[in-house]
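Accompanying notes for the structure given below.
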Amino acid sequence: NSVFTVVEVTDRHIGGPTPNQSHGAVMEYRLNSSYTGNFPGGDFGDFNNYENALVIYAWDGGTGTATLSSDATEYPMLWFQGGNLNNRIIQFPDADVTVNGRVNINGGIRLRVNNNSSKTLRFKNDVQIGSGCCGAGIFEFNGNSTANQTVIIEGDFDFNATNGGTFQLFNNSGANTHKLIVNGDIDVPASGTINFGDGSNSVVNLELQGLTSNAFTNTGSVNLHRIIMNKGKNQSNSFTFQDNFNLSGSTNGVNKAISI
């Protein structure tokens with residue numbers, strides 16, 4: 001049920017390009033809930049460092065949760081297929097993971113952040129939920145994790161305007177304070193939803209970093225908890241919220257809803 005396959009070596013993936021970017025070598029990994037974390041040996045360093053190479057995780061039958069191998073801690077571009085926006089879940093491992101290229105959380109997959117010890121999932125390029133060619137997606141923190149988790153997006157974060165999806169906190173029964181750090185722009189079209197908690201139990205804080213000026217736009221549905229501005233000492237670096245959103249964090253406690 002878990003087969004690692006080289007699909008193609010070309011300058012463009014047959015069946016349609018990854019949104020907004022061509023790519024070279026492609027590796028497709030098929031898995032389902034019976035996957036036990038086995039990963040092929042070998043030197044994947046050059047492949048993973050090349051931001052235009054691509055790894056596809058494709059769901060292959062049944063439902064449940066498949067936790068990715070802790071031996072796979074670096075990827076080039078990354079995208080998904082075979083999900084149903086419900087109970088076909090792919091979860092990152094209990095390890096620090098870096099993705100060097102663009103990411104599309106698509107193909108109907110529910111992509112879940114690690115929920116064990118405290119780790120960092122770092123995206124060094126843009127992240128988009130959904131894609132024009134390959135359907136919507138769900139990206140989520142577990143609200144009952146063993147420890148707090150951090151996701152870093154060094155590029156822009158958005159949703160595909162046609163097939164978007166959701167970035168959410170689910171199973172909000174614990175007491176986690178997760179963190180999402182974004183260095184670029186955030187764009188939520190009508191196809192997109194962000195829900196980082198209502199202030200009870202677990203929450204996700206949004207921290208805005210990067211030595212640039214960036215903006216937030218929203219025509220979808222956005223519920224944030226806390227916003228932390230951390231763009232350095234140069235006052236020319238800014239972040240502008242151009243549209244409305246909901247903010248649930250306290251204005252009376254030590255940690256205010258907005259921290260600058």
Do any pairs count as a salt bridge (charged side-chain N to carboxylate O under 4.0 Å, His left out) and have a residue in [range], sequence neighbours left out, and if so which ones?
range	result
residues 223-250	none
residues 119-141	Arg102-Asp126, Arg110-Glu140, Arg112-Glu140, Arg122-Glu154, Lys124-Glu154
residues 194-216	Lys179-Glu207

Margin query: To check you understand the geometry: which heavy-atom pair defines the closest contact between Gln209 and Ile181, and what is its length?
Written below: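 Smallest interatomic distance, heavy atoms only, reads CD-CG2, 3.5 Å.
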Margin query: According to salt bridge (Lys or Arg N to Asp or Glu O under 4.0 Å), who are the partners of Asp185, at least two apart in sequence or on a separate chain?
Written below: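 Expected list: none.
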Notebook entry, point to check: Yes or no on ring-ring contact (aromatic ring centres under 6.0 Å, His included) for Phe245 and Phe216, after CA distance, side-chain angles and deciding distance?
Noted result: CA-CA 10 Å; Phe245 60 95; Phe216 165 92; 5.4 Å; yes
Notebook entry, point to check: Any side-chain heavy atom of Glu51 sitting closer than 4.5 Å to one from Asn125?
Noted result: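 Of all side-chain heavy-atom pairs linking Asn125 with Glu51, at least one is under 4.5 Å.
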Checklist line | All pairs passing ring pair (Phe, Tyr, Trp, His ring centres under 6.0 Å) where residues 183-205 contributes a residue, at least two apart | finding: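 Non-adjacent pairs meeting ring pair (Phe, Tyr, Trp, His ring centres under 6.0 Å): Phe167-Phe196.
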Check: Step by step, would you call Tyr35 with Tyr57 a ring-ring contact (aromatic ring centres under 6.0 Å, His included)?
Finding: CA-CA 12 Å; Tyr35 178 60; Tyr57 277 112; 7.9 Å; no
Check: With no hydrogens and no angle check, do the side chains of Gln128 and Asn104 hold a donor and an acceptor under 3.5 Å apart?
Finding: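 Checked: Gln128/Asn104 side chains pair up, N/O donor to acceptor below 3.5 Å.
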Margin query: Could you tell me if Asn252 and Ser250 have a donor-acceptor pair between their side chains, going purely by distance under 3.5 Å?
Written below: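 The criterion, which ignores hydrogens and geometry beyond distance, is not satisfied for Asn252 and Ser250.
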Under 3.5 Å, which donor-acceptor pairs link side chains of residues 61-69 to any protein atom two or more places apart or in another chain?
| from | atom 1 | to | atom 2 | distance (Å) |
| --- | --- | --- | --- | --- |
| Ser69 | OG | Gly37 | O | 3.0 |
| Ser69 | OG | Asp71 | N | 3.0 |

